[in-house]
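Counting starts at 1 for both ligands and their atoms, following the listed order. Note that the numbering runs from 1 along the sequence shown for the chain.
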Amino acid sequence: MSTATLTIDLGAVVANWRALAQIAQVETAAVVKADAYGLDAARVSQHLAAAGARRFFVAAAEEGVALRRTLGPGPRIGVFSGHMAGDAEKIAGADLEPMINSVDQMLRHVEALPGHPFGLQLDTGMNRLGMEPAEWSALRDIALAQNPTLIMSHLACADDPDHPMNARQRRMFDDLTQGVDVPRSLSATGGTLLGSAFHYDMVRPGVGLYGGLPFVDAQPVVTLDIPVIQIREVTTGETVGYANSWTAPRPARIATVSAGYADGLIRAMGDGATMTHSGRKVPVVGRVSMDLITVDVTDLEGNPESLQLIGAHQSVDTVAEFAGTIGYEILTALGSRYTRTWKT
Ligand SMILES: *Cc1c(COP(=O)(O)O)cnc(C)c1O
């Protein structure tokens, strides 16, 4: 087999969901946007639903329609982008709950689908989605009269527990929802780990389910094994890869493995990146190319048939650090050429 194997541990996803629910002690939804962060929203959601998850969130109505087909009636599916123009049929047909982000969306929703369930998203300082406080105070009574199912907001700095923004956003959320008798939700994975003051009636973890930071105690979910195509010997002073970017400081054995930036292993992942073989680290040398990566395997005994990039010995976040990015981006970038297998 010449393509890399991406193994996704659905049992670990379920275990991570249960662990976060245990921490939160309130309803724990599952965020499965972007195809469950690249890990297959259908399979992930089916397993979580079987384990007891009753509420899911996606970014866009189209994702919600696909998810409803998978899950059938019953579980609730929230849509973070709210009610966009042209979405009414999808929202009604797939029984989605849009998280209304503005007065315009509110008007659109009650006009197109009067009585259809919806939530409200408030901006508490991130300035990305949700109603501004002034907008909210103008709309509040009208919106509440329509019986929203949820009022939510999103934390900007929850991966940093010491950041003063966390408490600031929480106070603002409290102020904006004072005296309101509607279930509330403020926290994704990061906020779930900030303590009970951040849990309200529901938490909405995403990345923690998939084994990513800031959930340090997560079980690893993803393993990426990449086959070695060939191994060559180079002498001191020979160079490897595009732009001669690596020069052998000693006689070396270089393994060329079958994945590259077209598979989401971004080119920025250069200096300092490693792969592993039976737990032993081996350095990536030279530039990452479209379909290939070169690795110095001089210190391994024998010729490995494959090397591992992500797994028990180095996490998605470790790989993200090699590339100067975050685990979320590595997960969602994992390409379509991999042979995907799911374990339960
Ligand atoms: C993506 C997202 C989440 C999940 O965030 P994680 O950091 O992956 O846990 C929750 N709520 C909103 C509004 C989001 O956009």
Task: A188: numbered ligand 1 atoms lying under 4.0 Å from its heavy atoms - done: 3 (C), 4 (C), 5 (O), 6 (P), 7 (O), 9 (O), 10 (C)
TODO: Say whether V207, considering both its backbone and side-chain N or O atoms, lies within less than 3.5 Å of an N or O atom on ligand 1.
DONE: yes
Open item on the list: Closer than 4.0 Å to some heavy atom of Y37 - which atoms of ligand 1 meet that?
Closed with: 1 (C), 4 (C), 5 (O), 6 (P), 8 (O)
- [ ] Compute the ring centroids of F173 and Y200, then answer whether they are less than 6.0 Å apart.
- [x] yes
- [ ] Taking only heavy atoms of P205 into account, list the atoms of ligand 1 that are under 4.0 Å away from them.
- [x] 9 (O)
- [ ] For K33, counting its heavy atoms only, list the atoms of ligand 1 lying under 4.0 Å from any of them.
- [x] 1 (C), 2 (C), 3 (C), 14 (C), 15 (O)
Task: Part of R204 with heavy atoms under 4.0 Å of ligand 1, whether side chain, backbone, both or neither - done: both
Open item on the list: Once you measure the plane-to-plane angle for F80 and F57, does it fall in the parallel (<30°), tilted (30-60°) or perpendicular (>60°) bin?
Closed with: parallel
- [ ] Determine whether the side chain, the backbone, both or neither of R128 has a heavy atom under 4.0 Å from any heavy atom of ligand 1.
- [x] side chain
Task: ligand 1 contact on Y328 by region, counting heavy-atom pairs under 4.0 Å - done: side chain
Task: Gap separating the NE2 atom of H83 from the CG atom of D104, nearest 0.5 angstrom - done: 12.0 Å
Open item on the list: Under 6.0 Å from the ring centre and within 45 degrees of the ring axis: does the NZ or CZ of R76 meet both conditions for the six-membered ring of F56?
Closed with: no
- [ ] To the nearest 0.5 angstrom, please state how far the OG1 atom of T192 sits from the CZ atom of F215.
- [x] 9.5 Å
Task: Numbering as shown, the atoms of ligand 1 that approach T189 to under 4.0 Å (heavy-atom distance) - done: 6 (P), 9 (O)
Task: Nearest-0.5 Å distance that lies between atom CG in L331 and atom OH in Y210 - done: 9.5 Å
- [ ] Would you check if I229 and V257 make a side-chain contact, meaning some heavy-atom pair closer than 4.5 Å?
- [x] no
Open item on the list: If you apply the rule salt bridge (charged side-chain N to carboxylate O under 4.0 Å, His left out), what do you find for D291 with R337, and how did you get there?
Closed with: CA-CA 10 Å; D291 320 296; R337 278 197 295 202; 2.9 Å; yes
Open item on the list: Are any of the N/O atoms on V31, whether in the backbone or the side chain, positioned under 3.5 angstrom from an N/O atom of ligand 1?
Closed with: no
Open item on the list: Under a 4.0 angstrom heavy-atom cut-off, which atoms of ligand 1 come close to M152?
Closed with: 13 (C)
